[in-house]
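Chain letters run A, B, ... following the sequence lines, proteins first, then strands; residues in each count from 1.
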Amino acid sequence: MTIEGSDINVDMRVRLGTLEFRNPVVTASGTFASGREYADFVDLSRLGAVVTKGVSLNAWPGNPSPRIAETASGMLNSIGLQNPGVEAFCEKDLPWLAQYDVPVIVNVSGHSVAEYVAVAARLEQDLTVDALEVNISCPNVDEGGMAFGTTCVAAAEVTRAVRAVTVKPLIVKLSPNVTDITEIARAVEAEGADAVSLINTLLGMAIDTDTWRPKLARGVGGLSGPAIKPVAVRMVWQVASAVSIPIIGMGGIMTAEDAVEFMLAGASAVAVGTGNFVDPTTTMRVVDGLEAYCRGRGISAVKDLIGAVKF
Amino acid sequence: MTIEGSDINVDMRVRLGTLEFRNPVVTASGTFASGREYADFVDLSRLGAVVTKGVSLNAWPGNPSPRIAETASGMLNSIGLQNPGVEAFCEKDLPWLAQYDVPVIVNVSGHSVAEYVAVAARLEQDLTVDALEVNISCPNVDEGGMAFGTTCVAAAEVTRAVRAVTVKPLIVKLSPNVTDITEIARAVEAEGADAVSLINTLLGMAIDTDTWRPKLARGVGGLSGPAIKPVAVRMVWQVASAVSIPIIGMGGIMTAEDAVEFMLAGASAVAVGTGNFVDPTTTMRVVDGLEAYCRGRGISAVKDLIGAVKF
Amino acid sequence: MSMDASTERKLLEHARVVSNERVAEGVGLIVLESPRVAHAVKPGQFVHLRIEQGASFLLRRPFSIHRVVGDRLQILYQVLGEGTRALAGKERGAEMDLIGPLGTGWFVPEGTAHALLVAGGLGAAPLGMLVEALALRGIAVTVAQGAPTTERLVARELFEATARRVEISTDDGSAGERGFVTALVERLIAADRPDVVYVCGPEAMTRIVARQALAAGVACQVSLERLMACGIGACLSCVVATVDGQKRACVDGPAFDAADVLWDASEIPPKH
Amino acid sequence: MSMDASTERKLLEHARVVSNERVAEGVGLIVLESPRVAHAVKPGQFVHLRIEQGASFLLRRPFSIHRVVGDRLQILYQVLGEGTRALAGKERGAEMDLIGPLGTGWFVPEGTAHALLVAGGLGAAPLGMLVEALALRGIAVTVAQGAPTTERLVARELFEATARRVEISTDDGSAGERGFVTALVERLIAADRPDVVYVCGPEAMTRIVARQALAAGVACQVSLERLMACGIGACLSCVVATVDGQKRACVDGPAFDAADVLWDASEIPPKH
Ligand SMILES: Cc1cc2nc3c(=O)[nH]c(=O)nc-3n(C[C@H](O)[C@H](O)[C@H](O)COP(=O)(O)OP(=O)(O)OC[C@H]3O[C@@H](n4cnc5c(N)ncnc54)[C@H](O)[C@@H]3O)c2cc1C
Ligand SMILES: Cc1cc2nc3c(=O)[nH]c(=O)nc-3n(C[C@H](O)[C@H](O)[C@H](O)COP(=O)(O)OP(=O)(O)OC[C@H]3O[C@@H](n4cnc5c(N)ncnc54)[C@H](O)[C@@H]3O)c2cc1C
Ligand SMILES: Cc1cc2nc3c(=O)[nH]c(=O)nc-3n(C[C@H](O)[C@H](O)[C@H](O)COP(=O)(O)O)c2cc1C
Ligand SMILES: Cc1cc2nc3c(=O)[nH]c(=O)nc-3n(C[C@H](O)[C@H](O)[C@H](O)COP(=O)(O)O)c2cc1C
Ligand code: FES
Ligand code: FES
C-alpha cells in the first residue's frame with residue numbers, strides 16, 4: 001500500500017519461498033568470503049542473508065595469478081573457486097556465522113554433477129545452513145562451472161540431482177552467457193529450484209597492450225560491476241515474467257537506487273558483489289538507502305517494489 | 001617484422017579478403033550516419049572504410065522516444081533502424097560518399113530473409129558500394145534483427161540468401177547475445193561470408209527509479225561503449241580461433257590502445273561506435289595513435305598485431 | 001530575416017572556465033573562454049559539452065548559449081544529475097571541450113515588429129541571446145517569465161534591461177503574479193497580438209503556450225529538449241515527430257515551428 | 001618483538017589532503033589527515049585508498065604508509081596509470097576515503113641488533129616507518145638504496161637522517177655506485193652479516209636479494225605487491241604461493257618471510 005509522502009515505518013521484509021529475510025539485501029557469493037573479513041564494516045545481523053563464497057568437495061587451489069583486471073566501470077576476475085573444501089568450510093566458517101542472527105546461504109560449486117551432490121549432501125547435515133545456492137555459472141573453471149549453466153539439459157540435471165539430496169531451499173545461480181536465460185530459468189524451476197540468482201559474471205577478456213599478454217593469467221574471466229548492470233536488469237526482467245519462483249538480482253549494485261531498479265525489474269532480493277570491494281559498507285548503505293527510498297515515497301512495504309516496473 | 005625502437009614508416013594497410021583498407025580503422029554502423037555529419041571533424045579519406053547506418057528496403061520510422069539512456073561507461077540505444085529505405089539511401093547518401101576515396105561498406109538490415117535479399121540486390125547495382133555488412137544482430141526491432149543472429153540455422157539462411165545475390169565482399173555482423181558466438185561465426189563462414197563483424201550491442205535495460213518506467217520507451221535496448229569492451233575482446237579472440245575469415249572488431253573502442261587490444265585478440269580491422277559520440281574525432285585519434293603505437297615499438301606493419309596475443 | 005546557421009561549420013574547441021558561480025538554488029552560470037564558437041554562435045544554438053573525461057558517464061551534455069560576451073560563452077545550468085553536478089564543481093582555469101555552434105537557432109519571421117518570449121524556469125537560458133539580438137534590431141520584445149520562486153527567476157536582470165516589458169509569475173507569488181506563466185501568456189497574446197512567440201521551458205508548459213499562440217493565429221517557435229548522444233545529427237536519438245516526418249532536435253532544431261510539431265507522437269519529456 | 005597488527009580493527013576513514021607535491025620525476029608525496037588510522041598504523045602496513053568516486057575506474061588502490069606525523073599519513077606514490085594520475089591531481093582540502101591499517105606489517109625477530117633495509121625505487125615507501133621504528137629501538141640500521149638516477153632516490157634524506165649508514169647505487173652512476181642495488185647488497189650481507197634483511201622493490205630485485213640473504217643464512221622479509229580488489233582478505237585476488245599454501249598479500253602480508261615464498265608459483269609481477 002502506498003501512502004504519499006508520509007513518515008511511515010517501512011516493512012523491509014521479503015520472502016523467497018520459505019526463506020524470510022529481514023530486508024532484501026544479501027551478499028554476492030565470492031565477494032564477501034564468509035563475512036568475517038567484513039565484520040569491521042558490516043553488522044552481519046542487519047543483512048537479509050549472507051551468501052558465502054563457493055565451496056567444492058575438496059580443497060581447490062584456484063587459478064594462477066594475476067586473477068583480476070580492472071575494466072571500465074567493472075572488473076574481471078578469474079579467482080577460480082579457490083576454497084578449502086566443504087569439510088573445512090563447515091568446521092571453520094559455519095560456526096563463526098552461527099553466532100549471527102542472519103540466514104546463511106551456502107554457494108555450492110562442482111566440477112561434476114556428483115560433486116555438486118556430494119557438497120549439498122554434506123551441507124544438508126549442518127543446521128547453520130539455511131539454503132543452498134548452486135552455482136552453475138562460474139566462468140572460471142575448466143570443467144563444470146559455467147558449462148552446467150549454458151544448456152537446459154545440464155542445468156536441469158544439476159538441479160534435479162541436488163534437489164534429490166536436500167530439503168533446504170534450493171537457489172540456482174544462472175549464467176548470463178546464454179542466448180536465452182528464460183529457458184534455463186524455466187528448466188531449473190521445473191526441476192524444483194525454489195529461487196534463481198542472476199546474474200553471474202559475463203565472460204570477458206582484457207589484453208595488456210605493453211606485454212601483449214592477457215591481463216588475467218587464465219586469459220578469460222568474469223566481468224562484474226556497474227558495467228554489467230543493464231544486462232543484469234534486463235535478464236531479471238525477462239526471467240521474472242518467465243518463471244513464478246522468486247529472483248535474487250545482482251550485477252553492479254552500488255547504491256540503493258540500483259537495488260530499487262532490480263526490484264522493479266522483478267527481483268525479490270538483491271545481492272551486492274563488486275560493490276563490497278569499492279566500499280566495504282555498501283550493503284549497509286543499500287539497506288539504509290532502500291528504507292529511505294520507500295519512506296520518502298510513502299511505500300510501506302519494500303516488497304511492493306518487486307516487479308513494479310510500468311510500461 | 002619488428003625492428004626495436006626504430007623510427008620507421010609504418011605500413012598501416014590491412015586486408016580483409018579482397019578488400020584493402022589504408023588502415024584498420026572503420027566506423028561502426030549506426031554511429032556515423034553516412035559520414036556527412038562528421039565531415040567537419042573527420043577526414044573521411046583517412047578512414048579505413050566508412051560503414052554506413054543500417055538500411056532496410058523501405059523507409060522505417062524507428063522506435064518511440066526516449067531512444068537512449070546513459071549507463072556506467074556505456075549507453076543503451078533503441079533507435080530501431082530508423083532509415084529512409086535503400087532507394088533514398090542510394091540516391092542521397094551514396095553519391096555524397098562517392099566523392100571520397102574511401103571504401104564504402106553498407107550495413108544491411110531486414111525484417112525477413114526476403115528483405116535482406118532485396119536490399120542486397122539493390123545495393124549490388126551501385127558501384128559506390130564496396131562491401132555489404134549484413135546486420136543479423138540488431139536488438140532493437142521486433143521482427144528480424146537479432147533473431148537472425150542467435151541461431152546457426154537462421155544466421156546461415158540469411159547469409160546464404162544474400163550470398164546468392166551479391167558478388168561484393170559479404171561481411172556478417174554477429175550478435176553477442178548468444179551462448180556460443182563461435183558456432184554462429186562458423187555457420188556464416190560456411191555459407192560464404194567473407195568476414196565477420198563483432199560485436200553488436202548487448203541486450204540491456206535500465207529503469208528510472210523516479211518514474212518506475214524503463215528509461216527506453218521500448219523497454220530494452222542495446223548496450224555499447226567501454227562497458228562492453230571485455231566481452232567484445234573475448235568474443236573476437238574466441239572467433240579468431242574458430243574461423244579463418246577476417247574479423248572487424250568493435251565494442252567500446254575509444255583509444256588507439258583499445259584498437260590494439262582488439263587486433264591482438266585477432267581483429268584485422270576495428271570499428272569505432274559510441275566513441276564517435278563522445279569525441280567526434282575519435283576515429284582520427286585512433287588512426288594516429290595506432291601508427292604512433294607501432295612506430296614507438298618498431299612494428300613496421302600494423303597487420304603484425306593481428307592475433308598476436310601471447311599466452 | 002533568419003538566424004539559421006545550419007550550414008556553418010561545426011567546431012571542436014577546448015574551452016577554459018573563466019568563472020562559475022551559483023546564481024540561484026541549484027542553478028549556476030558558467031563562463032567559458034571559447035573564442036571560435038563565441039564568434040560563430042547565433043541565438044538559440046547550443047554547445048555539446050564534454051564535462052568530464054575518465055568519468056563513468058561518457059556522453060556530452062547539451063547546453064544553450066545564454067549570452068556571448070567577446071570571446072566568452074555564458075551558460076546557465078540547472079544541477080540535476082552527475083553531469084551537471086560535475087559542471088558545478090568546475091573551477092576557474094579548468095578545461096572542457098565542446099562542439100558548437102549546434103542547431104539551427106531561432107528563426108525570426110520577415111516583418112517581425114513585436115515578439116513575445118516565454119521563459120519557464122531554466123527556459124530563460126536560450127532566450128538571453130535572442131532578447132539581445134531582437135532589441136538590437138529594434139524589435140519590441142515582451143518577456144513573460146515564470147518560475148517557482150523569485151530566486152529562480154534566472155536572467156531576470158538581463159530581460160529587464162533589454163526587453164521593453166517583462167511580466168513575471170511565480171508559483172508561490174514571491175514575485176509578480178502568483179500562478180503559472182501560461183496565465184500571463186494567455187493575456188499577453190490577447191492584448192498585444194505579438195507577431196511571434198518564442199517559448200522555452202518544461203515541455204508541458206511549452207505545449208500549452210504553443211496551443212495558446214496557434215489558437216490565436218500567432219506564429220510560435222518552441223525550443224525542445226531531447227536526449228542527445230552525438231549532438232550533430234548522426235545517431236537519431238533526439239527525434240521530434242513533425243508534420244514533415246521525424247526531425248532531429250540537434251540539427252533540425254532545437255527550435256521548431258510549433259505548428260509543425262506532432263506533440264502526441266513525440267517524446268515523453270525527460271523527467272527533470 | 002613483533003609489529004604484527006593483524007588482529008586490530010580495520011577502519012574506514014575519510015581523509016583530507018593536507019599537501020601533495022612532486023618529489024621526483026613521476027613521484028609524489030601526499031599527506032593525508034587521517035587521525036584514526038595514523039594512530040593505529042604499524043610499519044609495513046598499508047591503506048586502501050578510494051582515489052576517485054564517479055570515475056570509470058572503480059577499485060581502490062593500495063599504498064604503503066611511508067611515515068606518520070601526528071594525525072597525518074605520508075604516502076609516496078609513483079604515477080603510473082589512471083588511479084595514480086588522479087591522485088597526483090588532488091589538491092589540499094580534497095577528501096578521499098581509505099581503509100586501514102591493512103596487512104600484518106614487518107616482523108622484527110627477537111634479538112635483532114642489526115638490520116639491513118633494501119629499497120629499490122619506490123620500494124623505499126614502506127621502509128620509512130620501519131627505519132624510524134628500528135632506530136627508536138636502538139637497532140643498528142643499514143639502508144641499501146637503489147634507483148635509476150639520483151633524483152629517484154626518494155626518501156634518501158629520511159634514511160640518511162635516521163639510519164646508521166646508507167649505501168646508494170644508481171643505474172646511471174649519478175649518485176653512489178653505478179649499477180644495481182643487488183651488488184651493494186651482496187657486499188653488505190657478506191661484510192656486516194645483519195640479523196635480518198627487509199626488502200621492498202621491483203619483484204625481480206626482491207627475488208635476487210631474498211636469494212642472497214637466504215644463501216647467507218640471514219633472515220629476510222620481502223614486501224610483495226599484488227593486484228588487490230578488496231584489500232581485506234575476502235576476494236582472493238592477491239594470493240602469494242607459500243610453503244603453507246596460498247596466502248593473501250593483503251592480510252597475511254604484504255610482508256612475507258622470504259623463506260616461505262614459492263617464487264616460481266607466484267604471480268607474474270604487475271608490469272609497472
Ligand atoms: C538543446 C538543449 C539545450 C539545453 N540547454 C540547457 C541549458 O541551457 N541549461 C540547462 O540547465 N539545461 C539545458 N539542457 C538540458 C541539459 O542538457 C540537461 O539538464 C543535462 O544534460 C543533464 O545532465 P545530468 O548529467 O546532470 O543529468 P542526468 O539525468 O544524470 O543525465 C543523464 C543523461 O540524460 C540526459 N539528459 C538529462 N536531462 C536532460 C534534458 N533535460 N535534456 C536533454 N538531455 C537530458 C543527459 O544529457 C545524459 O545523457 C538542454 C538540453 C538540450 C537538448
Ligand atoms: C601493499 C601494496 C602497497 C603499495 N604501496 C605503494 C606505495 O607506497 N607507493 C606506490 O607508488 N605504489 C604502491 N603500490 C603499488 C600501487 O598500488 C599501484 O602502483 C597503483 O595501484 C597503480 O594504480 P594506477 O591506477 O595508477 O595504475 P593502473 O595500471 O591503471 O591500475 C590498474 C589496476 O592494477 C592495479 N595495479 C597496478 N599496478 C599495481 C601494483 N604495482 N601493485 C598493485 N596493484 C597494481 C591497480 O590497483 C588497479 O587495480 C603498492 C601496492 C601494494 C599491493
Ligand atoms: C572476485 C569474485 C568472485 C566471485 N566468486 C563467485 C563464486 O564463488 N560463486 C558464485 O556463484 N559467484 C561468484 N562471483 C559472482 C558474484 O557473486 C556476482 O554474481 C557477480 O559478481 C555480479 O555481481 P556484482 O556486479 O555486484 O559483482 C564472484 C564475483 C567476483 C567479482
Ligand atoms: C546509436 C547506435 C546505433 C546503432 N545502429 C546500428 C545499425 O544500424 N546497424 C548495426 O549493425 N549496428 C548498429 N549499432 C551497433 C554498433 O555498430 C556497434 O556494433 C556497437 O555499438 C558496439 O560498438 P561501440 O561500443 O563502439 O559503440 C548501433 C549502435 C549505436 C550506439
Ligand atoms: S543527438 Fe544524435 S542525431 Fe541528434
Ligand atoms: S585483496 Fe582481496 S583477498 Fe587480498
Please indicate whether E91(D) has more than 12 foreign heavy atoms, meaning atoms of other residues, nucleotides or ligands, lying under 6.0 Å from its CD.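 Atom CD in E91(D) is not crowded, with 12 or fewer foreign heavy atoms closer than 6.0 Å.
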
F180(D) atom CZ, neighbour heavy-atom count above 12 within 6.0 Å: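 No, CZ of F180(D) has 12 or fewer neighbouring heavy atoms, counting only those of other groups under 6.0 Å.
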
Distance (rounded to the nearest 0.5 Å) between [X] [atom1] and [Y] [atom2]:
X       : Y       : atom1 : atom2 : answer
I68(A)  : R226(D) : CD1   : CZ    : 12.0 Å
L216(A) : S237(D) : CG    : OG    : 11.0 Å
L227(D) : N77(A)  : CG    : CG    : 12.5 Å
C250(D) : E37(A)  : SG    : CD    : 8.5 Å
N276(A) : C230(D) : CG    : SG    : 9.5 Å

With a 4.5 angstrom heavy-atom cut-off, could you sort out which part of [X] is near chain D: side chain, backbone, both or neither?
X       : value
T281(A) : side chain
T31(A)  : backbone
F41(A)  : side chain

side-chain contact (heavy atoms from CB on, under 4.5 Å) assessment of M254(A) paired with L58(D): CA-CA 11 Å; M254(A) 311 290 280; L58(D) 288 178; 4.2 Å; yes

If you count heavy-atom pairs within less than 4.5 Å of chain D, which of G30(A), A39(A), A33(A) leads?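 Looking at each option in turn, the highest pair count goes to A33(A).
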
Assess the residue pair D279(A) and L12(D) against the criterion (side-chain contact (heavy atoms from CB on, under 4.5 Å)); give the C-alpha distance rounded to whole Å, side-chain angles, the decisive distance to 0.1 Å, and a yes or no. CA-CA 9 Å; D279(A) 174 0; L12(D) 174 66; 4.1 Å; yes

Is there a donor-acceptor pair under 3.5 Å between the side chain of E70(A) and the backbone N or O of F57(D)?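 Checking the backbone N and O of F57(D) against the side chain of E70(A), no donor-acceptor pair under 3.5 Å is found.
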
Contact summary for P280(A) and R60(D), nearest pair of heavy atoms: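 What the structure gives for the nearest pair is CD-NH2, 3.9 Å.
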
Would you say R50(D) and V278(A) make side-chain contact, with heavy atoms under 4.5 Å?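 Touching, per the 4.5 Å side-chain cut-off.
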
Heavy-atom distance under 4.5 Å between the side chains of V239(D) and S65(A), does that happen here?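 Heavy-atom side-chain distance check passes, below 4.5 Å.
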
At a 4.5 Å cut-off on heavy atoms, which part of I99(D) comes close to chain A: side chain, backbone, both, or neither?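 Only the side chain of I99(D) comes within 4.5 Å of chain A.
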
